[in-house]
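Quick notes on the structure that follows.
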Amino acid sequence: MSQISITVDGAKSSVEIDARPTQIFAERKEIIVCKVNGVLKDLWTELSEGDAVEGISISSPEGLSVLRHSTAHVMAQAVQQVFAQTRLGIGPPITDGFYYDFDPERPFNPEDLEKVESAMRKIVKDGQRFRRRVTTEADALKELAHEPYKCELIGLKAGAGDEASVEVGGSELTIYDNLGRDGQPVWSDLCRGPHLPSTKHIPAFKLMRSAAAYWRGSEKNPMLQRIYGTAWPSQDELTAYLDLLAEAEKRDHRRLGTELDLFSFPEEIGSGLAVFHPKGGIIRRAMEDYSRKRHEDEGYEFVYSPHLTKAALFEKSGHLQWYSEGMYPPMIMDEELHSDGTIKRAGQQYYMKPMNCPFHNLIFASRGRSYRELPLRLFEFGTVYRYEKSGVIHGLTRARGFTQDDAHIYCTKEQMVDELDSLLTFVLNLLRDYGLEDFYLELSTRNPEKSVGEDADWAEATEALRKAAVAQKLELVLDEGGAAFYGPKISVQAKDAIGRTWQMSTIQVDFQLPQRFELEYSATDGTRQRPVMIHRALFGSIERFFGVLTEHYSGAFPPWLAPVQVTAIPVAEAFVDYLAGVVKAFKSAGIRIDLDASDDRMQKKIRNAQMQKVPYMLIAGEEDQLAGKVSIRYRNGEQKNGIAVVDAIAEIQSAIRDRKQV
RNA sequence: GCCCCCCUAGCUCAGACGGUAGAGCGUUUCCAUGGUAAGGAAAAGGUCACCGGUUCGAUUCCGGUGGGGGGCUCCA
């Protein structure tokens with residue numbers, strides 16, 4: 001038998017001429033796909049003299065994608081088994097799983113998913129081999145004549161690289177057949193591959209939910225039914241993933257908002273409009289107060305502006321031209337009509353503000369400005385109203401009325417570099433003070449087709465942002481062409497306690513508004529110059545940041561933010577008076593403390609305080625009373641007994657002052 | 001905005017060929033005076049989201065409106 005020389009994972013090797021990677025990696029169960037000369041291939045692929053073969057583990061990013069994409073195929077096969085009249089869309093792998101879009105006779109319901117899932121288990125058990133088959137456009141169109149969406153993809157093959165690339169891709173058109181035990185195809189799908197060697201290489205999967213999605217992502221296209229699933233290299237990893245989802249659900253700010261009595265969305269007010277209850281109010285005020293103080297230290301000046309304005313302001317800023325669909329419709333005031341209903345005197349149109357910047361520009365322009373005043377930093381907790389589409393509203397993180405911690409910095413071009421650098425440092429340190437630790441930065445650059453301004457200005461501002469970002473020594477992701485039309489921006493992405501990423505702060509350079517508002521300052525040489533304008537919000541919106549922090553802390557806020565910092569619990573009613581005195585001392589030390597004098601038993605009181613996630617419990621009974629002391633029970637169940645009241649106050653005060661988590 | 005699903009007590013949820021409803025927690029009152037995550041008893045609490053239609057009769061079936069959820073799209 002003749003042999004060929006190849007390299008396997010870098011080591012020279014000699015194999016039979018018709019050997020396949022399945023045989024080469026037969027001993028290594030984790031290898032489910034391979035790279036041949038750097039290109040991802042099935043393990044069934046043919047090898048040639050001199051090929052460099054590299055085994056890809058199911059746990060690697062590429063391996064996971066292949067696992068998930070193959071699972072999507074299994075799902076599609078199962079769906080067509082259970083619902084024969086269903087047409088196929090596309091089925092790519094995504095983060096943590098996969099989906100497949102279908103055009104079924106009727107939308108799926110949860111019982112349908114169960115049926116599909118058990119059909120899938122059977123297919124996995126069958127161990128169907130995935131076979132790659134090269135075909136031609138004509139043959140594929142004939143073979144897939146009953147699959148209109150697939151035919152459309154074949155037609156799009158030329159434009160590979162978009163979302164259709166998983167299905168068609170590269171230079172060859174391929175179909176994958178699933179082979180039954182007898183080696184005959186039981187199911188086929190247009191696909192670029194590669195795939196697992198067989199369906200039995202799917203160790204663990206679960207269907208998650210069904211939802212609707214537009215064909216190829218466009219509103220103009222028909223709506224398909226999408227089924228989401230997840231697949232993992234082991235049952236343990238699947239379980240861990242499901243646990244993470246359960247954990248995320250437990251810390252959902254909408255749920256905690258009700259459980260901890262923080263806020264609500266009364267139907268009477270309207271969708272996306274929150275009210276903060278007293279406990280939520282305390283947290284929010286603590287957040288705002290600290291932010292205010294830090295901004296003061298940083299040289300910001302505080303301004304206020306109304307929630308309403310005449311249309312002219314947003315015409316000047318340009319918002320009415322390109323943002324009107326996101327604004328609440330105008331209120332028309334002082335209009336007078338003739339008796340026939342025609343207009344006698346045109347009214348004034350007033351809008352709720354969706355942004356604060358035009359107001360700050362008016363403050364800047366209210367009098368002549370000197371270079372000596374720059375950088376001028378105007379800060380406002382400005383409440384804005386945006387008519388978000390009903391389908392996108394989500395608790396506090398996506399609302400229709402919200403308050404931005406908004407500031408606009410007006411500076412000279414020369415000051416821009418330093419200003420951006422110190423600004424970014426300020427932003428990150430402030431976020432750290434709120435307990436977020438893990439960040440990366442995203443730099444959005446110009447889209448030449450959709451932007452205004454001079455090339456040189458863009459280049460300068462982008463470079464200034466980039467320098468500022470690099471100075472932070474954080475991971476920097478480039479969002480090429482992702483900037484708004486009026487200037488480049490940096491956004492800070494923060495990871496929360498369970499590893500989810502949230503876009504937090506944005507810092508945006510603006511070339512457009514200073515021009516539209518004809519902002520000027522007098523320079524050292526007496527000439528009038530246009531300032532650079534920087535928009536920045538640290539929280540984005542206070543409501544959103546509140547929601548993110550609630551989920552980050554799972555409602556167990558650090559003492560400085562906790563609505564109730566201490567609950568005092570008497571062992572029995574007889575000690576209420578003693579504790580009342582202690583509580584008074586805590587209150588005069590500025591600590592938010594409640595005395596639980598209800599007729600519950602102390603065990604119940606501890607449980608209640610625990611469920612409300614109060615950071616400290618102060619417990620006192622006879623021993624404590626006689627000694628003039630208290631016991632501190634911490635949120636984690638630990639306890640310190642026999643603490644002098646002054647010491648307890650000092651300890652809790654310092655934790656609050658240092659914004660420590662306990 | 002689009003597709004699907006949901007809305008029953010303050011909260012979490014049962015329930016009924018169409019004949020106006022239950023539990024646990026919470027609340028109130030009483031009893032119990034208890035050292036580390038639920039002591040006991042009783043009571044109050046509902047136009048079954050709202051508006052129409054079908055029906056002898058609708059919380060239940062149908063339609064609309066509002067609100068919520070999961071996605072799509074969008075997020076300047």
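Order of the sequence lines sets the chain letters (A, B, ...), proteins ahead of strands, with each chain counted from 1.
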Tell which nucleotide pairs with [N], taking only Watson-Crick or G-U wobble pairs whose two distances are both under 3.5 angstrom.
N: B/rA49; answer: B/rU65
N: B/rG39; answer: B/rC31
N: B/rG24; answer: B/rC11

Do A/Tyr99 and A/Pro92 have side-chain heavy atoms sitting under 4.5 Å apart?
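A/Tyr99 vs A/Pro92: side chains touch.
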Mind checking whether A/Lys489 and A/Val509 have side chains closer than 4.5 Å, heavy atoms only?
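No - every pair of side-chain heavy atoms lies 4.5 Å or more apart.
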Give [X] one of three labels, base, sugar-phosphate or nothing, depending on what nucleic acid heavy atoms sit under 4.0 Å from its own.
X: A/Gly487; answer: nothing
X: A/Arg398; answer: base
X: A/Met617; answer: nothing
X: A/Ser271; answer: sugar-phosphate

When you measure from the centre of the six-membered ring of A/Phe557, is the NZ or CZ of A/Lys613 under 6.0 Å away and within 45° of the axis?
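No, A/Lys613 does not sit over the ring of A/Phe557.
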Can you find a donor-acceptor N/O pair under 3.5 angstrom joining the side chain of A/Arg226 to the base of B/rC72?
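Not at all, since no donor on one side and acceptor on the other fall under 3.5 Å apart.
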Under the 3.5 Å rule, do the base of B/rG1 and the side chain of A/Tyr214 count as making a donor-acceptor pair?
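Checked by distance alone, the answer is yes.
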Between [N] and [M], how many Å separate the two [atom1] atoms, rounded to a whole number?
N: B/rU73; M: B/rC17; atom1: C1'; answer: 43 Å
N: B/rG1; M: B/rU8; atom1: C1'; answer: 30 Å
N: B/rG52; M: B/rA58; atom1: P; answer: 12 Å

Just the rounded figure in Å: distance from C1' of B/rC3 to CG of A/Leu224.
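Rounded to the whole Å, the gap is 10 Å.
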Distance, rounded to the nearest Å, where A/Asp510 contributes CG and B/rA76 contributes P
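Distance, rounded to whole Å: 13 Å.
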Would you please confirm or rule out a distance under 4.0 Å between OP1 or OP2 of B/rA76 and any side-chain N or O of A/His535?
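The answer is no; no side-chain N or O of A/His535 sits under 4.0 Å from OP1 or OP2.
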What string of B, S and - do you get for nucleotides 33-38 of chain B, 5' to 3', when a contact is any protein heavy atom under 4.0 Å?
BBBBBB
Are B/rA76 and A/Tyr323 stacked, with the base six-membered ring and the side-chain ring centres under 5.5 Å apart and planes under 30°?
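It does: the ring sits over the base of B/rA76.
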Minimum heavy-atom distance A/Tyr214-A/Asn221, with the two atoms named:
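So the two residues come closest at CD2-O, 3.6 Å.
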Residue among A/Arg255, A/His253, A/Lys250 satisfying side-chain hydrogen bond (donor to acceptor under 3.5 Å, both in side chains) with A/Glu551:
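When side-chain hydrogen bond (donor to acceptor under 3.5 Å, both in side chains) is applied between A/Glu551 and each of A/Arg255, A/His253, A/Lys250, only A/His253 qualifies.
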Apply salt bridge (charged side-chain N to carboxylate O under 4.0 Å, His left out) to the pair A/Asp600 and A/Lys605, showing each step before the final yes or no.
CA-CA 6 Å; A/Asp600 285 328; A/Lys605 294 180 182 183; over 6 Å; no
Test salt bridge (charged side-chain N to carboxylate O under 4.0 Å, His left out) applied to A/Arg446 and A/Asp455, step by step:
CA-CA 9 Å; A/Arg446 182 175 200 176; A/Asp455 288 349; 2.9 Å; yes
